[in-house]
Participant: 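Sharing a structure with you now.
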Number of protein chains: 2
Amino acid sequence: MEKAELNKEIRASGLKSTKSRCAILDILKQNDRPASADEVYMELKSRGISLNISTVYRTLDAMTEKNLVKKLSITGESKALFELNAIGHKHYLVCLGCRKTMAIEGCPLESFERELAEETDFVIEGHKLDIYGYCPECRNKT
Amino acid sequence: MEKAELNKEIRASGLKSTKSRCAILDILKQNDRPASADEVYMELKSRGISLNISTVYRTLDAMTEKNLVKKLSITGESKALFELNAIGHKHYLVCLGCRKTMAIEGCPLESFERELAEETDFVIEGHKLDIYGYCPECRNKT
DNA sequence: TTGGATGCAAAAGTTTTGCACGGTT
DNA sequence: AACCGTGCAAAACTTTTGCATCCAA
């Protein structure tokens with residue numbers, strides 16, 4: 001993505017735009033699966049951008065706060081993961097063998113959420129759904 | 001629950017039965033929502049049972065291994081949570097205001113999982129679904 | 001008796017924070 | 001110029017591990 005657009009998007013969220021922040025957002029945009037702070041840090045390094053890990057955490061937190069980014073916890077992962085807060089939302093199919101994750105198309109929960117809101121009187125803001133199993137390569141190993 | 005039954009259940013899982021393990025399982029049985037290792041530790045303390053926190057972790061891990069217990073990660077929680085691995089499975093409605101969690105009845109995903117298995121050739125083992133929102137008490141505060 | 005369970009202390013791993021300095025607006 | 005972002009180092013917090021001792025089978 002062009003630098004100018006990243007700049008614009010970051011400022012639109014209310015954050016000050018910096019080289020570091022553009023780079024981090026760019027990485028998340030190119031990633032099709034959630035990344036840990038450390039993975040982002042490594043990718044920055046491999047692109048020749050040397051940031052401190054605490055800056056990466058602070059940036060990801062700030063972007064989460066501004067809804068540019070979503071922070072996830074996946075069962076079995078000890079670290080928090082971050083992904084772009086794209087329009088709509090994603091669910092993941094996670095392989096318990098190799099821990100590969102792939103995005104799932106579609107979401108089966110809209111009507112369920114409406115019913116739930118009525119029953120409980122909650123204001124539903126969102127949900128998190130991950131599905132676990134074994135991928136074609138791992139299904140025969142166990 | 002009577003001590004004898006807890007004993008039996010633990011041994012049936014393949015674990016050696018000890019006073020600590022009975023106490024931990026008993027706590028999880030009485031909890032209607034997932035607890036962190038530290039919460040279990042505190043509850044033990046308040047019952048006059050003094051265990052080391054590392055024992056609590058080891059016990060919870062062992063019980064997870066034996067499928068007596070399930071380990072969860074909930075978005076926004078920095079710690080892992082543990083709950084009884086009851087027959088069937090549960091989903092939670094989590095309040096983003098006060099972080100109260102309540103179990104949801106029913107699961108809207110069975111048919112979705114079957115379709116997904118066909119499409120992806122994964123063996124689906126399970127899933128994790130949490131729904132987020134604001135409870136009646138918190139919905140007006142923000 | 002024997003192997004596994006536990007306590008203790010220390011380490012490991014992730015995330016946060018204080019402070020001084022530097023860059024963006 | 002003012003304020004916020006960043007680097008660095010240290011701390012905080014959760015979880016794991018090694019080893020000696022203790023307990024259930």
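A note on names: the letters A, B, ... follow the listed sequences, proteins ahead of strands, and every chain is numbered from 1. All of these numbers come straight from a predicted model, not from anything done at the bench.
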Participant: Of B:Ser36 and B:Ser17, whose closest DNA chain D nucleotide lies nearer the 5' terminus?
Facilitator: B:Ser36
Participant: Can you tell me if A:Thr59 touches the phosphate of D:dT6, counting only side-chain N or O atoms and a distance under 4.0 Å to OP1 or OP2?
Facilitator: yes
Participant: Looking only at side-chain atoms of B:Tyr57, point me to the closest of D:dT14, C:dG18, D:dT17.
Facilitator: D:dT14
Participant: Can you tell me the distance, in whole Å, between the CZ atom of B:Arg11 and the C1' atom of D:dA25?
Facilitator: 9 Å
Participant: Do the side chains of A:Glu9 and A:Lys29 get close enough for a salt bridge, i.e. N-O under 4.0 angstrom?
Facilitator: yes
Participant: For A:Glu43 and A:Arg47, what are the C-alpha separation, side-chain angles and deciding distance, and is it a salt bridge (charged side-chain N to carboxylate O under 4.0 Å, His left out)?
Facilitator: CA-CA 6 Å; A:Glu43 177 60 22; A:Arg47 294 187 184 190; 2.9 Å; yes
Participant: In whole Å, I'd like the distance from the OH atom of A:Tyr41 to the P atom of C:dT15.
Facilitator: 14 Å
Participant: Side-chain contact, heavy-atom cut-off 4.5 Å: B:Ile24 with B:Thr59?
Facilitator: yes
Participant: Between B:Lys19 (NZ) and C:dT6 (P), how many Å, whole number?
Facilitator: 11 Å
Participant: For A:Lys16 and for B:Lys71, locate the closest nucleotide of DNA chain D by heavy-atom distance; then report the residue assigned to the nucleotide nearer the 5' terminus.
Facilitator: A:Lys16
Participant: Give A:Ile53 one of three labels, base, sugar-phosphate or nothing, depending on what nucleic acid heavy atoms sit under 4.0 Å from its own.
Facilitator: nothing
Participant: Which nucleotide wins on minimum distance to the side chain of A:Thr18, given the candidates C:dG3, D:dG5, D:dT16?
Facilitator: D:dG5
Participant: Nearest of D:dG7, C:dC8, D:dT16 to any side-chain atom of B:Asp61?
Facilitator: D:dT16
Participant: Grab the CD1-P distance between B:Ile10 and C:dA5 for me, whole Å please.
Facilitator: 11 Å
Participant: Rounded to whole angstroms, how far apart are CG on B:Asn7 and C1' on D:dC23?
Facilitator: 14 Å
Participant: Is the shortest heavy-atom distance from the side chain of A:His91 to the side chain of A:His127 under 4.5 Å?
Facilitator: yes
Participant: Side chain of A:Arg58, heavy atoms from C-beta onward: which of C:dA5, D:dC8, C:dT24 has the nearest atom to it?
Facilitator: D:dC8
Participant: Which nucleotide in the set C:dC8, D:dC8, C:dT6 lies at the smallest distance from any side-chain heavy atom of B:Thr55?
Facilitator: C:dT6
Participant: Considering only D:dT17, D:dC8, D:dG5, which nucleotide approaches the side chain of A:Arg21 most closely?
Facilitator: D:dG5
Participant: Quickly work out the B:Leu44 CG to C:dT6 P distance and round it to whole Å.
Facilitator: 11 Å
Participant: Could you tell me the separation between the NZ atom of B:Lys79 and the OG atom of B:Ser73, rounded to the nearest 0.5 Å?
Facilitator: 14.0 Å
Participant: Drop me the distance from B:Leu44's CG to B:Glu39's CD, to the nearest 0.5 angstrom.
Facilitator: 12.0 Å
Participant: Quickly work out the B:Leu72 CG to D:dT15 C1' distance and round it to whole Å.
Facilitator: 17 Å
Participant: From C:dT14, D:dG7, D:dC3, pick the nucleotide closest to the side chain of A:Lys79?
Facilitator: C:dT14
Participant: Please tell me which of the listed nucleotides, C:dG4, C:dA9, D:dG7, lies nearest to the side chain of A:Asn52?
Facilitator: D:dG7
Participant: Any idea which of D:dT15, C:dT17, C:dG7 is nearest the B:Ala80 side chain?
Facilitator: D:dT15
Participant: Under 4.0 Å between a side-chain N or O of A:Ser20 and OP1 or OP2 of D:dT6?
Facilitator: yes
Participant: Taking atom C1' of C:dT15 as reference, at what distance in whole Å does atom CD of A:Glu65 sit?
Facilitator: 16 Å
